[in-house]
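Notes follow once the structure below has been shown.
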Amino acid sequence: MKLTLRVWRQKNPDTPGAMATYELDGVSQDMSFLEMLDVLNEELIVKGEEPVAFDHDCREGICGACSLVINGDAHGPERTTTCQLHMRSFQDGDTIDIEPWRASAFPVIKDLVVDRSAFDRVIQAGGYITAPTGSAPEAHATPVPKADADYAFEHAECIGCGACVAACPNGAAMLFTSAKVNHLNVLPQGSPERETRVLDMVAQMDAEGFGGCTLTGECATACPKGIPLFSITAMNKEWLRATRKVKR
Ligand code: FES
């Protein structure tokens with residue numbers, strides 16, 4: 001396949017960026033999207049040009065590091081992570097626009113790499129339990145109803161990639177935050193800090209400058225792990241319940 005790539009290039013957070021155009025030939029349909037970018041970078045290095053900076057780690061759809069807006073869609077045309085997207089989703093002769101996540105809470109560091117540490121701070125705000133745990137308990141000592149275990153697991157699948165924020169017209173992080181809140185709050189191990197967790201995480205989310213949710217649902221459509229939209233409603237209920245129980 002022969003492709004025209006229009007790639008966002010930006011030296012650093014303080015320099016304005018712009019799209020740069022590259023022609024790339026000999027792309028196999030079996031390559032992953034990131035492997036295609038590897039080929040581009042090899043060509044740029046041979047020519048003495050600066051390679052394109054982009055985030056990746058596991059390349060198996062697990063870690064959440066990869067993060068590209070491809071032709072206007074977070075993670076591209078398939079419902080998967082960028083690293084699991086393959087070039088068979090494109091046609092010979094295509095022009096592909098490649099941009100970083102666009103959200104003010106995710107400032108660009110360089111080229112296609114953004115700073116997603118705002119997510120870390122949201123997790124830190126409420127992601128721990130302070131109850132003494134001692135040594136690892138016997139797995140069946142705390143019974144968890146099957147429905148609750150499934151619910152927790154469904155939300156634990158969030159890999160924190162940020163596609164929900166990138167897809168949202170408001171740059172909201174409600175789907176991410178709700179996945180973390182619901183994952184922990186439904187389990188008996190998470191119940192001692194159920195109220196403070198949701199209050200603190202939502203407060204941190206707001207402090208980071210994420211936008212407000214208007215339930216457009218783009219987040220759930222873009223999420224490569226299928227975190228459902230009802231997670232947000234469930235978190236709103238948790239938050240309302242917590243405001244009644246905890247006086248601050
Ligand atoms: S590189 Fe780990 S999920 Fe894509």
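Computed from heavy atoms alone, side chains included, the values below leave out hydrogens, waters and symmetry copies. We count ligands from 1, going down the list as the structure has it; atoms in each ligand are counted the same way.
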Do [X] and [Y] pair up side chain to side chain, a donor and an acceptor below 3.5 Å, judged on atom types alone?
X      : Y      : value
His75  : Thr81  : no
Thr15  : Asn12  : yes
Asn185 : Glu238 : yes

Tell me how many protein N, O or S atoms are closer than 2.8 Å to atom 4 (Fe) of ligand 1.
->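 Every protein N, O or S atom under 2.8 Å from atom 4 (Fe) of ligand 1 counted, the figure is 2.
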Measure the spacing between [atom1] of [X] and [atom2] of [Y] and express it to the nearest 0.5 Å.
X     : Y     : atom1 : atom2 : answer
Gln29 : His86 : CD    : NE2   : 11.5 Å
Thr82 : Ile70 : OG1   : CD1   : 4.5 Å
Gln84 : Ser32 : CD    : OG    : 8.0 Å

